2 protein chains.
Amino acid sequence: MSELLPPQPVRTRRQHGAVRIEDVARAAGVSAITVSRALNKPDSVAEETRKLVWAAVDELGYIPNRLAGGLASSRTRTVAVVIPTITNSIFADKIQGMSDVFGAADYQLILANSGYSLGREADLVAALLAQRPSAIVLTGVTHEERAARMLGRAGVPVVETWNLRPSPIDMLVGFSNAEAAFAMVAHLHHCGYRRIGFVSAPVADNDRAADRLAGYRRAVAEFDLADRPGLAREAHFTLANGAAAFREILSAHPDVEAIFFANDVLAAGGALEARRRGMRIPADIGIAGFDDVDLAQEFVPALTTVRIPRYEIGATAARMILARLDDPETDAPPVADLGFEVVQRQSTRPAPSP
Amino acid sequence: MSELLPPQPVRTRRQHGAVRIEDVARAAGVSAITVSRALNKPDSVAEETRKLVWAAVDELGYIPNRLAGGLASSRTRTVAVVIPTITNSIFADKIQGMSDVFGAADYQLILANSGYSLGREADLVAALLAQRPSAIVLTGVTHEERAARMLGRAGVPVVETWNLRPSPIDMLVGFSNAEAAFAMVAHLHHCGYRRIGFVSAPVADNDRAADRLAGYRRAVAEFDLADRPGLAREAHFTLANGAAAFREILSAHPDVEAIFFANDVLAAGGALEARRRGMRIPADIGIAGFDDVDLAQEFVPALTTVRIPRYEIGATAARMILARLDDPETDAPPVADLGFEVVQRQSTRPAPSP
DNA sequence: ACCACCGATGATAGCGCTAACATCGCTTAA
DNA sequence: TTAAGCGATGTTAGCGCTATCATCGGTGGT
């Protein structure tokens, strides 16, 4: 009986006013697929046709629907990025690096911050994969097992950043936080310091902080430095917390010679506290930081610190992803150790001349 | 002749391995639409069915495809955000505010930075609208005409931030940059300063900077302050540029009494340069900043500055958007002036006691 | 006994785009 | 002359989901 039914009423869910590819096609006197090609693969369309299409696009103010395009093609030109927090400028630099490289390639960033929680990270991975990004970039190399599982099955390029590990999920761009912290303590030792305090970032759910602490401890053991309770403590990166940690270490160990802070903001906070107390840097106490942010260089006295490739981590991750997406078969090395550099400035006394 | 064709071979474009809603439906013994409802409107499904579905989702590791969902429903739970640069922490705070509010509501942020270029902003608006976001948030209140046109036609909530204007495109959250700068100069005047320099951020394509400069100029005129060429200049926000601007103003006008910097980073750079030259603050020169970032409070001497609602701008914008999306008919005021506050600290001399 | 009503579930038809294949006119080699 | 080859364009059929309407038992009022 179905062939006897009258024509169904036209039913549509379309948004009023939204210009679709079909409208452009009609205006240009071509088919929808030709419009699609003119926009996405201009070389595959005759020049004259291309101009017609572009004119129609302009005239109608057509903005392609990338949801539909992504669904049809399974390519979204979208990259998901998880960082611990955006309020730490080191991650802002990394994002800038990614933004510069991806922006030039017409990719969009979807950003989420985990608040230094691996549980939240795993939740975000699920939410982000739901957007079917072309790739995903994580901060750190430790993850909940469910996060790793989802990433493994998702079949998209994954880049872990900011640290090293033997067997990354997929690709990796970073440097050795453990070696970097060790190198700074070795440097301070070389400069004659023997009682060196350490202010760590909270190590829970943070492999970078944990590795820096481990590097410090290994150096303390190796160089036979003072190793007393309370010489190492933990503080979340703010100037105020750096100042507080400085006070605590100094009150527990008045004879401390230098304090190595796990980041420059803490170090600057410590140095400002020293100034408030009328202590001279480095005459009365040495201060070392980590990250080499802008402030470290401009600070008075300029901070001895560890320079890390913040921007380059982002830019390199982006380049690795683009290379992989352009040619999935490429066997470019999926791991980049970008290194670090101990920078001696005025906040610690110099190495003895030979 | 078509009815004589043999059955076509099965042709599919599906990604291998991707779990679809249909797979979950089969595993749970229900239809696809019921799975959709169990995930998106759990109340509309019987409890027993819901449990079945959730179990199947878990077992299969199903991650919904939001491209498809968004295409079908025209709701993406995605918000596009344009900022000038992510490396300025004031915008990081705003993003954190948005991230906190939107994260709790299960919305994702798509972030893009314009590099303080309105042309680039317009390009980004097009690229971002192509993702069909649920809303879009801009920084500043001046835009290229084509950007405004696209936004007007897009039919999504638009929030302009960080400044005020009489007729926003749609919604607006900010404060008066002109009034804030005026208020700081008025404050300095009240404290006895008469020769006040000003270091502006580059005003090109930046209405916030332009308005701060205008506020300074209006105050200079109104209070009959020194108004000499070279007393106001422009510098991009870095510590080094703040130091350079300090040097230039001081060499052109050795008798300058105070310098008002359009942001705290510049101010700190200026203050550090003063210290390098052995000048005392505020005895030899007053330093005022803008933004009240962390550094301003912890700096020695602590910086007199203008506190602006950085985090709250983001959080409020997010709340306004969610309110609008929940109820498009709501007539909640689409404009929020969040104000500012002049904060007197140690880097300028105090007001005379009455 | 009847029916309007309601909660739960399902069948169907798109959403706007692009992959895959088909077609068409023209050139070039045999 | 003819067929193979190629560039440009078109037709068709999804991509994976949800809006819409249909269906189907039970409930309760009359």
Side-chain angles (χ1 to χ4, degrees), chain A residues 2 5 7-26 28-53 57 60 62-77 129-132, chain B residues 2 5 7-26 28-53 57 60 62-77 129-132:
Chain A
S2 70
L5 282 177
Q8 297 297 308
V10 175
R11 203 179 54 181
T12 178
R13 278 191 251 142
R14 283 193 40 228
Q15 294 274 102
H16 175 70
V19 179
R20 295 157 0 227
I21 201 169
E22 188 59 51
D23 303 322
V24 178
R26 204 172 307 116
V30 298
S31 71
I33 189 69
T34 298
V35 175
S36 172
R37 284 196 272 249
L39 295 174
N40 299 320
K41 304 167 196 160
D43 291 344
S44 70
V45 165
E47 171 157 4
E48 199 178 352
T49 311
R50 200 187 311 149
K51 281 183 182 162
L52 275 173
V53 171
V57 164
L60 299 179
Y62 171 62
I63 295 183
N65 184 330
R66 293 215 188 280
L67 296 176
L71 180 60
S73 68
S74 12
R75 282 180 290 98
T76 54
R77 297 183 94 74
L129 286 178
Q131 311 277 358
R132 297 297 187 267
Chain B
S2 69
L5 284 176
Q8 296 297 308
V10 175
R11 203 179 56 181
T12 179
R13 277 191 252 142
R14 283 193 40 227
Q15 294 276 100
H16 174 70
V19 179
R20 295 159 1 231
I21 200 168
E22 188 60 50
D23 304 320
V24 178
R26 204 172 306 117
V30 298
S31 69
I33 188 69
T34 298
V35 174
S36 172
R37 284 196 271 250
L39 295 174
N40 299 319
K41 305 167 195 162
D43 291 345
S44 69
V45 164
E47 169 156 6
E48 200 177 351
T49 312
R50 200 188 311 149
K51 282 183 183 162
L52 275 173
V53 171
V57 165
L60 299 179
Y62 172 62
I63 296 184
N65 184 329
R66 294 214 187 282
L67 296 176
L71 181 60
S73 67
S74 12
R75 280 180 289 99
T76 54
R77 299 183 93 74
L129 286 177
Q131 311 277 359
R132 298 296 186 267

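Every value quoted in this text rests on a predicted model; they were computed, and no experiment measured them. Residue numbering restarts at 1 for every chain, and letters A, B, ... go by the order of the sequence lines.
Of the residues in residues 29-45 of chain B, those lying under 4.0 Å from DNA chain C by heavy-atom distance are Val30(B), Ser31(B), Ile33(B), Thr34(B), Arg37(B), Val45(B).
Put simply, the side chain of Val53(B) does not reach to within 4.5 Å of the side chain of Val45(B), judged on heavy atoms. When side chains are defined from C-beta on, Arg50(A) counts as touching Glu47(A), because their heavy atoms get closer than 4.5 Å.
For Ile63(B) and dG16(D), the CD1 to P distance is 14 Å, given to the nearest whole Å. Rounded to whole angstrom, the span from the CD atom of Glu48(B) across to the C1' atom of dT9(C) amounts to 14 Å. Rounded to an integer number of Å, the gap from Leu67(B) CG to dC17(C) C1' is 12 Å. The nearest whole Å value for the distance from the CG atom in Asn65(B) to the C1' atom in dC15(C) is 13 Å. For the pair Arg26(A) CZ and dG16(C) P, the interatomic distance rounds to 12 Å; values are reported in whole Å. Rounded to whole Å, the distance from CD1 on Ile21(A) to C1' on dC15(C) is 14 Å. Distance, Leu71(B) CG to dG16(C) C1': 6 Å, rounded to whole Å. Glu47(B) places its CD atom 11 Å from the P atom of dA8(C), with the value rounded to the nearest Å.
Here the straight-line distance linking atom CZ of Arg77(B) with atom CD of Gln131(A) works out to 11.0 Å at 0.5 Å rounding. With rounding to the nearest 0.5 angstrom, the CG atom of Asn65(A) is 9.5 Å from the CG atom of Leu67(B).
Within the 4.0 Å cut-off from OP1 or OP2 of dC15(C), not a single side-chain nitrogen or oxygen of Ser73(B) is found. Residue Tyr62(A) has no polar side-chain atom (N or O) positioned under 4.0 Å from OP1 or OP2 of dG16(C).
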Can you check side-chain contact (heavy atoms from CB on, under 4.5 Å) on Arg132(B) and Ile63(A), steps first, answer last? CA-CA 10 Å; Arg132(B) 298 296 186 267; Ile63(A) 295 183; 3.8 Å; yes
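Exactly one residue among Thr34(B), Leu39(B), Asn40(B) makes a side-chain contact (heavy atoms from CB on, under 4.5 Å) with Ser36(B). That residue is Asn40(B).
Backbone-only contact: Thr49(B) has heavy atoms under 4.0 Å from sugar-phosphate atoms and none from a base. Counting non-hydrogen atoms under 4.0 angstrom, Arg50(B) reaches nothing in the nucleic acid.
Of the two residues near DNA chain C, Arg132(B) and Ala46(B), the one whose nearest nucleotide lies more 5' is Ala46(B).
Annotation for Ser31(B) and Ala25(B): closest pair C-CB, 3.6 Å, computed over non-hydrogen atoms.
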